[in-house]
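Accompanying notes for the structure given below.
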Amino acid sequence: MTNYKILKKCGNAKRAEFQTVHGTVQTPLFMNVGTVGAIKGAVGTEDLEGIDTQVELSNTYHLSVRPGDKVIKELGGLHKFMNWSKPILTDSGGFQVFSLAKLRKIKEEGVTFNCHIDGHKIFMGPEESMQIQSNLASTIAMAFDECPPSKADDRYIKNSVERTTRWLERCKKEMARLNSLEDTINKEQLLFGINQGGVVDQIRIDHAKTISEMELDGYAVGGLAVGETHEEMYHILDVTVPHLPENKPTYLMGVGTPANILEGVDRGVDFFDCVYPSRNGRHGQLWTKYGKLNLKNARYQLDTRPIEEGCNCPACRRYTRAYIRHLLKAEEMLGMRLCVLHNLYFYNHMMEDIRNAIDAGNYQNFKKERIDMLNSGEVD
RNA sequence: GUGGGUAUGGCGCAGUUGGCUAGCGCGCCAGAUUGUGGCUCUGGAGGCCGUGGGUUCGAGUCCCACUAUCCACC
């Protein structure tokens, strides 16, 4: 029995429904990134309901360091801890090993690296990552992978990808074991595998075929948006996604800009996540249908319009650009919060528009129209 | 009133025995940021060096006067 049901296709764009123990979600969707169990910028789970968040994303590595996955397990799991009942996806920690550890040693068993907070030595391999994610009791666990640098040579990437495949087998085995244990909180935790291969077509394709045979709950494309061009990224999706199972959700990790998402959907992607709306929101960079604006710019000092005309987010419903700009310049928490809420609302509602366009069988026209609007530069 | 100190971009300061286009931090003005260390990075604008004289080839730097300001004492 599959928990993933395609409702409509429009070209390669898929409109689907995905059932989980924490409820059914509508795809394509954007997951709101809350690395340490909170969306940075003083955004609580009560706020997420108000901006139509479907899935919250947290991070295995960060939560294992602080407060510790065993603490969260003792408190009943991440859902209870955060008081969030909808789906949570936990990233495996593989990317953090690549992105924030200065010193790391990758071996067959796993990776040894230094903690970013106090520098102590940490070992994480597929089994450790699955155990932590099982303790967190997220809805969806991600496989522990290696995300090689975009500048790595083909030989390195090939070896890395082969090891990632072996790690995936170990993840699957460990997940099955954990889900069968008596004291496991979420015995129906799902596992998504991750495709790698840099920007090398054949490695990507071979890897996609290999992991497709492993009967996972979903498939992610990782290792993109790490320095390659947009064209390279779109090309990799063009050649890779067709080799992933169509009857399973597809997740493009860490991507991206509104335009990236519109293009990703057109290539069959269901799930997206990105720190852009939250991180850049904290720094005053806001997304609108007509492109992005930097609210810290002096020209907004006397601007009494909302961030985006017609937007119904908590920031736009009540406050002016001038006021929010002042809050940002004064480094008031409220400024960051309002900007993050606007950006997440913008992303979540763009996804809703995308779903409606696919339902209407009009996705490609919609995409072109929206990308033209984003590039129009008519923010003001 | 007396003695001493200080005066350099919006603010706080560096500027060596006088020597090229006077620097730095913060702020300001912009830009970057893609499975998040509330960051970080990259550019840019802005100064007749308190005022007036003097010494010197050359003065932010030395001398004199004035003005402002701070500290101590009366």
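All of these numbers come straight from a predicted model, not from anything done at the bench. Chain letters run A, B, ... following the sequence lines, proteins first and then strands; every chain starts at 1. Atom set for the values below is all heavy atoms of this structure, side chains included, hydrogens, waters and symmetry mates excluded.
Between the side chain of A/Thr45 and the main chain of A/Trp84, no donor-acceptor pair closer than 3.5 Å is present. A donor-acceptor pair under 3.5 Å is formed between the side chain of A/Glu128 and the backbone N or O of A/Gly125.
Listed nucleotides: B/rU34, B/rG31, B/rG35. Nearest to the side chain of A/Leu57: B/rG35. Residue A/Met253 places its side chain closer to B/rG35 than to any other of B/rU33, B/rG35, B/rA30. Here the side chain of A/His62 is nearest to one of B/rG38, B/rU33, B/rG37, namely B/rG37. For A/Lys329, the side-chain atoms get nearest to B/rC28 when compared with the rest of B/rC28, B/rG31, B/rG35. With distances taken from any side-chain atom of A/Gln285 to the nucleotides B/rG37, B/rU34, B/rU33, the minimum falls on B/rU33. Nearest nucleotide to the side chain of A/Tyr276, out of B/rU33, B/rG38, B/rG35: B/rU33. Which of B/rG35, B/rU33, B/rU34 sits closest to the side chain of A/Lys292 comes down to B/rU33.
Across all strands, A/Ile194 comes closer than 4.0 Å to base atoms (heavy-atom distances). Nucleic acid contact class of A/Ala259 (heavy atoms, under 4.0 Å, all strands): none. In this structure, A/Met142 reaches neither bases nor backbone, as no heavy-atom distance under 4.0 Å exists between it and the strands shown. Among the heavy atoms of the strands lying under 4.0 Å from A/Gln196 is at least one base atom, whether or not backbone atoms are also near. No contact: A/Gly94 has no heavy atom under 4.0 Å from any strand. A/Met31 comes within 4.0 angstrom of no nucleic acid atom, judged by non-hydrogen atoms across all strands. Within the 4.0 angstrom heavy-atom criterion, base atoms lie near A/Asn260. Counting any heavy atom pair closer than 4.0 Å across all strands shown, A/Asn59 reaches sugar-phosphate atoms only and no base atom.
Of the C1' atoms belonging to B/rG10 and B/rG18, the separation is 31 Å, rounded to the nearest Å. Nucleotides B/rA22 and B/rG46 are separated by 14 Å at their C1' atoms, to the nearest Å. Atom C1' of B/rC24 sits at a distance of 22 Å from the matching atom of B/rG50, rounded to the whole Å. Nucleotides B/rC71 and B/rC13, compared at atom P, are 14 Å apart to the nearest Å. Comparing B/rG4 with B/rG47, their P atoms sit 36 Å apart, to the nearest whole Å. Remark: the separation of the C1' atoms in B/rA68 and B/rC74 is 23 Å, to the nearest Å. When the P atom is compared between B/rA45 and B/rC29, the two are found 16 Å apart, to the nearest whole Å. Straight-line distance between the C1' atoms of B/rG15 and B/rU6: roughly 16 Å, to the nearest whole Å.
Rounding to whole angstrom units, NZ of residue A/Lys296 and C1' of B/rC39 are separated by 11 Å. If you measure from atom CZ of A/Arg282 to atom P of B/rU40, you get 12 Å, rounded to the nearest angstrom. Atom-to-atom, CE of A/Met336 to C1' of B/rC39 comes out at 10 Å; the value is rounded to the nearest Å. Going from atom NE2 of A/His326 over to atom P of B/rG27 covers 16 Å, rounded to whole Å. Atom CZ of A/Arg279 is separated from atom C1' of B/rA32 by 12 Å (rounded to the nearest Å). Atom P of nucleotide B/rG35 and atom CG of A/Leu136 are separated by 19 Å, given to the nearest angstrom. Rounded to whole Å, atom C1' of B/rG38 lies 14 Å from atom CD of A/Glu332. Rounded to whole angstrom, the span from the CG atom of A/Leu63 across to the P atom of B/rG37 amounts to 13 Å.
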For ring-ring contact (aromatic ring centres under 6.0 Å, His included), just list the numbers for A/Trp167 and A/Phe144, CA-CA rounded to whole Å, side-chain angles, deciding distance to a tenth of an Å, and then say yes or no.
CA-CA 7 Å; A/Trp167 283 358; A/Phe144 185 75; 5.1 Å; yes
Quick one, A/His243 with A/His207, criterion ring-ring contact (aromatic ring centres under 6.0 Å, His included). Give me CA distance, side-chain angles, the key distance, then yes/no.
CA-CA 9 Å; A/His243 296 285; A/His207 190 233; over 10 Å; no
Begin from the C-alpha positions of A/Tyr61 and A/Phe113 and carry the test ring-ring contact (aromatic ring centres under 6.0 Å, His included) through to its verdict.
CA-CA 11 Å; A/Tyr61 162 71; A/Phe113 59 102; 5.5 Å; yes
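For A/Thr257, the side-chain hydrogen bond (donor to acceptor under 3.5 Å, both in side chains) criterion is met by A/Asn260, not counting sequence neighbours.
In summary, the side chains of A/Gln189 and A/Gln133 do not present any donor paired with an acceptor at a separation below 3.5 Å, with no hydrogens or angles considered. For the residue pair A/Glu146/A/Thr164, the side-chain donor-acceptor check at 3.5 Å is not satisfied.
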Throw together a table of side-chain donor-acceptor distances under 3.5 angstrom for residues 68-76 of chain A, partners on residues two or more places apart or in other chains.
residue: A/Asp69; atom: OD2; partner: A/Asn135; partner atom: ND2; Å: 2.7
residue: A/Lys73; atom: NZ; partner: A/Asp183; partner atom: OD2; Å: 3.2

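Once the 5.5 Å centre distance and the 30° plane angle are applied, the aromatic ring of A/His283 is found not to be stacked with the base of B/rU33.
Each of A/Gly41 and A/Ala298 was matched to the nucleotide of RNA chain B holding its nearest heavy atom; the match closer to the 5' end belongs to A/Ala298.
Apart from A/Met336 itself, the hydrophobic cluster it occupies contains nothing, where clustering links Ile, Leu, Val, Met, Phe, Trp and Tyr at side-chain heavy-atom distances under 4.5 Å. When hydrophobic residues (I, L, V, M, F, W, Y) are linked wherever their side-chain heavy atoms come within less than 4.5 Å, A/Leu302 remains an isolated member.
Results of the side chain to side chain donor-acceptor pair (under 3.5 Å) test with A/Tyr251 over A/Asn195, A/Asp273, A/Thr27 single out A/Asp273 as the only residue that passes.
Here A/Asn294 reaches the OP1 or OP2 of B/rG31: one of its side-chain N or O atoms lies under 4.0 Å away.
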Would you sketch RNA chain B in dot-bracket for me? Only Watson-Crick or G-U wobble pairs with both distances under 3.5 Å count, crossing pairs as [ ], other-strand pairs as |, the rest as dots.
(((((((..((((.....[...)))).(((((.......))))).....(((((..]....)))))))))))).
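Residues from residues 200-235 of chain A that place a heavy atom under 4.0 Å from any atom of RNA chain B, listed by number: A/Gly223, A/Ala225, A/His230.
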